Protein chains: 2
Amino acid sequence: MGRWEPDAKGRMVRAAMELFAERGFEQTTAGDIAERAGVTERTFFRHFADKREVLFDSSRTLERTAVEAILAAPADDPPLDAALAGMLAAGGLLEGRHEHSVRRSAIIAANPGLQERELLKLAALAEATADALRSRGVADPAATLAAQSAVTVFQVGFARWVSAEDPPGIGVCITDAAAALRALR
Amino acid sequence: MGRWEPDAKGRMVRAAMELFAERGFEQTTAGDIAERAGVTERTFFRHFADKREVLFDSSRTLERTAVEAILAAPADDPPLDAALAGMLAAGGLLEGRHEHSVRRSAIIAANPGLQERELLKLAALAEATADALRSRGVADPAATLAAQSAVTVFQVGFARWVSAEDPPGIGVCITDAAAALRALR
DNA sequence: CTCTTTGATGTCAGGCACTGACATCACGAC
DNA sequence: GTCGTGATGTCAGTGCCTGACATCAAAGAG
């Protein structure tokens with residue numbers, strides 16, 4: 001395990017957040033990030049598939065948490081309810097990190113390439129959610145539609161949570177967004 | 001206008017489709033595409049912001065068509081109905097191009113970078129749709145939610161249309177997906 | 001205590017994506 | 001015929017990312 005300075009990955013993530021906030025994503029090279037983290041550029045690319053991935057290291061944890069919550073939901077919950085339970089669980093991971101989420105969102109909002117990557121992660125979350133619903137016996141296209149709807153609710157709720165001055169709970173934001181979706185006609 | 005061989009852009013689009021189908025996206029360089037189209041690599045990048053964009057040249061037309069249909073929908077249509085009218089109009093543009101759509105989808109499905117770009121275009125479509133709804137007097141978050149739901153319906157319907165052996169109308173596929181969404185509840 | 005193994009890291013060379021600066025050329029306007 | 005205009009060609013350069021190989025700290029075997 002750690003024979004050198006420990007947590008090289010964490011150091012790179014923090015260095016990247018700092019540099020992206022200071023000069024912007026495009027004005028920061030992979031070598032810059034590595035240097036501030038005390039490693040070489042080559043090591044950076046051993047930990048992250050590309051320069052953008054350094055901002056999405058926790059997306060797999062989010063996905064896993066959502067899937068587990070969906071599988072743990074009451075068996076008679078309708079598909080959308082189960083999927084939304086997954087989104088609430090995922091949101092819970094961010095509960096204590098409002099300030100960090102705001103900074104990260106600002107960085108992503110400032111760069112189309114990073115928005116692309118975020119959309120890919122959300123699509124992966126939707127796909128994992130749909131798989132979880134299918135393993136609960138939900139057939140397509142209902143599984144796909146419920147999963148994608150839940151992720152949309154997560155996006156809308158998260159956006160409001162991040163833009164709020166006095167941060168409410170993210171759970172409230174997600175629940176409100178879910179209610180607004182159901183109120184559509 | 002055209003003082004050289006006309007339709008350089010169209011030639012590049014066709015050359016790219018051929019090469020991506022033959023060897024795959026990553027195994028094709030921008031220089032390869034340019035060469036087959038009879039231009040230089042530098043000219044390729046004057047027409048397309050990056051290598052992926054060559055597959056998404058028609059996305060702005062799709063977006064414009066959807067917006068116009070939404071604005072033309074009956075004023076008393078509920079938000080989701082109006083948004084879906086936009087998706088049906090957009091789908092209409094593909095009606096006569098099933099084979100082309102199948103080939104293009106296969107290329108995109110084979111490469112994560114292209115999927116990212118497609119997600120970005122769909123997000124732009126959703127944002128334009130939401131804007132159109134807002135200009136009809138729909139407030140947020142209903143506008144965002146209805147727009148994103150409509151785009152999801154478009155995606156699901158399109159996917160079924162593309163994977164169908166004996167292609168039905170794409171309008172039927174979209175309408176069916178919309179019905180499945182409404183049946184969620 | 002020494003040797004070996006293991007895995008993370010460093011070093012180096014190179015391909016491809018993309019860009020800025022400048023030259024060139026075809027065609028239309030006058 | 002000259003001149004302007006816009007698309008194209010040419011060239012040099014930066015940054016992203018990868019493969020191949022060397023190195024080194026620490027853990028385990030004897």
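All values reported here derive from a predicted model rather than from experimental measurement. Below, chains carry the letters A, B, ... as their sequence lines are ordered, and counting in each starts from 1.
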(request) Check for a donor-acceptor pair, side chain of A:S163 on one end and backbone N or O of A:R160 on the other, with a separation under 3.5 Å. (result) yes
(message) Has B:R52 got a side-chain atom pairing as donor or acceptor with B:R117's backbone, closer than 3.5 angstrom?
(response) no
(message) With a sphere of 6.0 Å drawn around CD of B:Q27, does it hold more than 12 non-hydrogen atoms of other residues, nucleotides or ligands?
(response) yes
(request) Only counting residues at least two apart or in another chain, list the ones meeting salt bridge (Lys or Arg N to Asp or Glu O under 4.0 Å) with B:R42. (result) none
(request) Taking atom CZ of B:R23 as the centre, report whether more than 12 heavy atoms of other residues, nucleotides or ligands fall under 6.0 Å from it. (result) yes
(request) Report the distance from atom CG of B:D50 to atom P of D:dC17, rounded to the nearest whole Å. (result) 13 Å
(request) Identify, residue by residue, the members of residues 26-34 of chain A with a heavy atom below 4.0 Å from DNA chain D, and return them in order of residue number, or none. (result) A:T28, A:T29, A:A30
(message) Expressed as a whole number of angstroms, how long is the span from B:D7:CG to D:dT8:P?
(response) 11 Å
(message) Using whole Å, what does the distance between atom P of nucleotide D:dA7 and atom CE of B:M12 come to?
(response) 12 Å
Which atom pairs, donor and acceptor, lie under 3.5 Å between side-chain atoms of residues 146-157 of chain B and protein residues at least two apart or in another chain?
residue: B:S149; atom: OG; partner: B:L145; partner atom: O; Å: 2.8
residue: B:T152; atom: OG1; partner: B:Q148; partner atom: O; Å: 3.0

(message) Once ring-ring contact (aromatic ring centres under 6.0 Å, His included) is applied, do any residues pair with B:F56, and if so which ones, sequence neighbours excluded?
(response) none
(request) For DNA chain C, find the residues of residues 39-48 of chain A with a heavy-atom distance under 4.0 Å and give them by number; none if there aren't any. (result) A:V39, A:T40, A:R42, A:T43, A:R46, A:H47
(message) In this structure, how many angstroms lie between the P atom of C:dT19 and the NZ atom of B:K51, rounded?
(response) 14 Å
(message) Holding to salt bridge (Lys or Arg N to Asp or Glu O under 4.0 Å), I want the full list of residues that pass it with A:E26, two or more places apart in sequence or in another chain.
(response) none
